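For reference, the structure discussed in these notes is given below.
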Amino acid sequence: MSAQTEIHAPSLPSPPGGNAGEETPRIVPVRRTGQWAAAVVVLLLLAGALVSVVRNDAFQWGVVGEYLTTDAVLRGLGLTLWLTALVMVLGFALGTLLAVFRLSGNRVLQAVSWGYIWLFRSTPILVQLLFWFNIGALYPQILGVDTVNLLSPITVAVIGLTLHEAAYAAEVVRGGILSVERGQLEAAQSLGLGPWRRLRRIVLPQAMRSIVPPAGNMLIGTLKGTSIVSIIAVQDLLYSVQLVYHRTYEVIPLLLVATLWYVAVTSLLSVGQYYVERHYARGTAGTR
C-alpha cells in the first residue's frame, strides 16, 4: 500500500451561536499603559499644587475668610453684578440694531454699522473708558451744558462698556441671523409678514441656537472685564478689595477674596449657560 499523507486544516473559532464544544474567540482589551501613567502623573502634580496652596502660610487663608463676606466686599460684588447685567442688556439691544443695519439693503446703514463695529473693536476698552472719563477736556460744553462734571464714574463705566460690548454683540447677532436658512425667510415673506415681524417672530427665535453660546461667553467676559472700571474709581469688587489692602497691606489675601468671588459667579453663569443652550438646542442631533 502506498503511504497516505493526512492534511489537517487549522481549527477556526466558531462564530457566536455555533455548536457546543467549539472554541470561541477571546476578546483582549487594548492596554493603555501610557494613558494611565500620564493620568497618574497629572494627578500627583495637581495634588502637590493643592497641598502647596493650602499649607502655604503666605496665602493667609484666615484673612481671606475674615474679609470674604464683609460689607465693603459684598457692596463691590453687588455693583459688579449690576453693572454686568445692565451692560449686557444695553449692549445686546444696541448690537441687535447694528446687526440689522449691517444686513439691510441700505448702503448708508451698512456703512454706519460697519464703521461703528470696526472702530470699537479696534480700540482697547481702557482707552475708550479714559476718553469718556475725560470728555470734558474734549468738549467742555455740549448744547450749552457743562460736561466737565456731567458724567459720574459709574455713568462713564456704563457708557464705555455698553458701546464696547455692542460692537461684539452685533457680530454675534449677525452670525446667528445668517445661520437661519433662507427658506425660512422666504416662507415668512410668502405669508405676508413685515420685515420687523419676520425678524422678531421667525429669525431671532431660530438664530438663538447660534447666538446663545457666544453670548454666554460674552457675559462671563463682561463680568470679568468690569474689573477695568476700577481705573476710574468705580467701587466694583476689585476696587473694593484694593481699598482694603491699601489700608492693611494684606495684598495677597484680598486678591484671593476677589478671585474666589469671580470664580463662584462665573461658575454659576457657566451652569446657567449650559441649560439655556440645551433649551434652544432641543430637537437637534446630539442634544443632551
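All values below were derived from every heavy atom in this structure, side-chain atoms included, with hydrogens, water molecules and symmetry-related copies excluded. The first residue of the sequence shown is numbered 1, and numbering continues consecutively from there. Here the structure is a predicted model, which means the values were calculated and not measured.
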Heavy-atom side-chain proximity of Phe131 to Ile135 below 4.5 angstrom: no

Within-4.5 Å side-chain heavy-atom neighbours: Leu109 and Val100: no

More than 12 heavy atoms of other groups within 6.0 Å of Ile231 CD1: no

Cluster overlap Val127 with Ile159, hydrophobic side-chain contacts below 4.5 Å: yes

Residues Trp82, Ile154; criterion side-chain contact (heavy atoms from CB on, under 4.5 Å); working and verdict: CA-CA 11 Å; Trp82 174 83; Ile154 292 181; 3.9 Å; yes

Minimum side-chain heavy-atom gap Thr226-Val234 below 4.5 Å: no

Heavy-atom donor-acceptor pair, Tyr116 side chain to Leu163 backbone, under 3.5 Å: yes

Ile177 CD1 to Ile211 CD1 distance, which is reported to the nearest 0.5 Å: 6.5 Å

Chi angles and distances behind the side-chain contact (heavy atoms from CB on, under 4.5 Å) call for Leu103, Leu178: CA-CA 9 Å; Leu103 296 173; Leu178 292 176; 3.9 Å; yes

Residues Ser270 and Ser267: side-chain donor-acceptor under 3.5 angstrom: no

Thr123 side chain to Gln128 side chain, donor-acceptor N/O pair below 3.5 angstrom: yes

For Ala215 against Val172, the heavy-atom pair lying closest together: N-CG1, 4.4 Å

Hydrophobic cluster membership, Val64 vs Leu254, 4.5 Å side-chain cutoff: yes

Taking every non-hydrogen atom, the tightest pair across Ala167 and Arg121: CB-CG, 3.8 Å

Student check: side-chain heavy atoms of Leu255 and Val251 closer than 4.5 Å: yes

Distance-only side-chain donor-acceptor flag, Glu165 / Thr222, under 3.5 Å: yes

Shortest non-hydrogen separation from Ala157 to Ile232 and the atoms involved: N-CD1, 4.2 Å

Atom pair CG/CG of Leu268 and Leu223 - distance to nearest 0.5 Å: 10.5 Å

Residue pair Val212 / Gln273: nearest heavy atoms and the distance that separates them: O-NE2, 4.5 Å

Atom CH2 of Trp118: over 12 foreign heavy atoms under 6.0 Å: no

Step-by-step side-chain contact (heavy atoms from CB on, under 4.5 Å) determination, Thr80 to Tyr239: CA-CA 10 Å; Thr80 294; Tyr239 192 79; over 6 Å; no

Polar side-chain atom of Gln60 near backbone of Ile252 as donor-acceptor pair, under 3.5 Å: no

Any donor-acceptor N/O pair, Ser52 side chain to Gly48 backbone, under 3.5 Å: no

Phe92 and Met218, any side-chain heavy atoms less than 4.5 Å apart: yes

Partner residues of Glu171 under the side-chain hydrogen bond (donor to acceptor under 3.5 Å, both in side chains) criterion, sequence neighbours left out: Arg102, Arg174

Nearest non-hydrogen partners of Phe120 and His164, listed with the distance: O-ND1, 3.6 Å

Candidate pair Gln242 and Ser230, rule side-chain contact (heavy atoms from CB on, under 4.5 Å), full reasoning: CA-CA 9 Å; Gln242 286 177 331; Ser230 61; 4.0 Å; yes

Within one Ile-Leu-Val-Met-Phe-Trp-Tyr cluster: Trp261 and Leu243, side-chain cutoff 4.5 Å: no

pair Asn106-Phe101: side-chain heavy atoms closer than 4.5 Å: no

Val73 and Leu237, any side-chain heavy atoms less than 4.5 Å apart: yes

Hphob cluster co-occupancy, Val89 + Leu94, side-chain heavy atoms under 4.5 angstrom: no

Side-chain (Trp61) to main-chain (Arg55) donor-acceptor, under 3.5 angstrom: no

Least distance between heavy atoms, Ala99 atom then Ala170 atom: CB-O, 3.5 Å

Spatial distance of atom CZ (Phe133) from atom CG (Leu130) [nearest 0.5 Å]: 8.5 Å

Joint cluster assignment, Leu138 & Leu129, ILVMFWY side-chain distance < 4.5 Å: yes

Within residues 64-91 or reaching into it, pairs that qualify as salt bridge (Lys or Arg N to Asp or Glu O under 4.0 Å) - sequence neighbours excluded: none

Side-chain donor or acceptor of Thr266 paired with backbone N/O of Val263 under 3.5 Å: yes

Straight-line distance of Leu77 CG to Thr69 OG1, nearest 0.5 Å: 11.5 Å

Close side-chain approach of Trp114 to Ile117, heavy-atom, < 4.5 Å: no

Atom pair CG/OG of Leu79 and Ser240 - distance to nearest 0.5 Å: 7.5 Å

Enclosure of Asp57 CG (heavy-atom neighbours >12, cutoff 6.0 Å): no

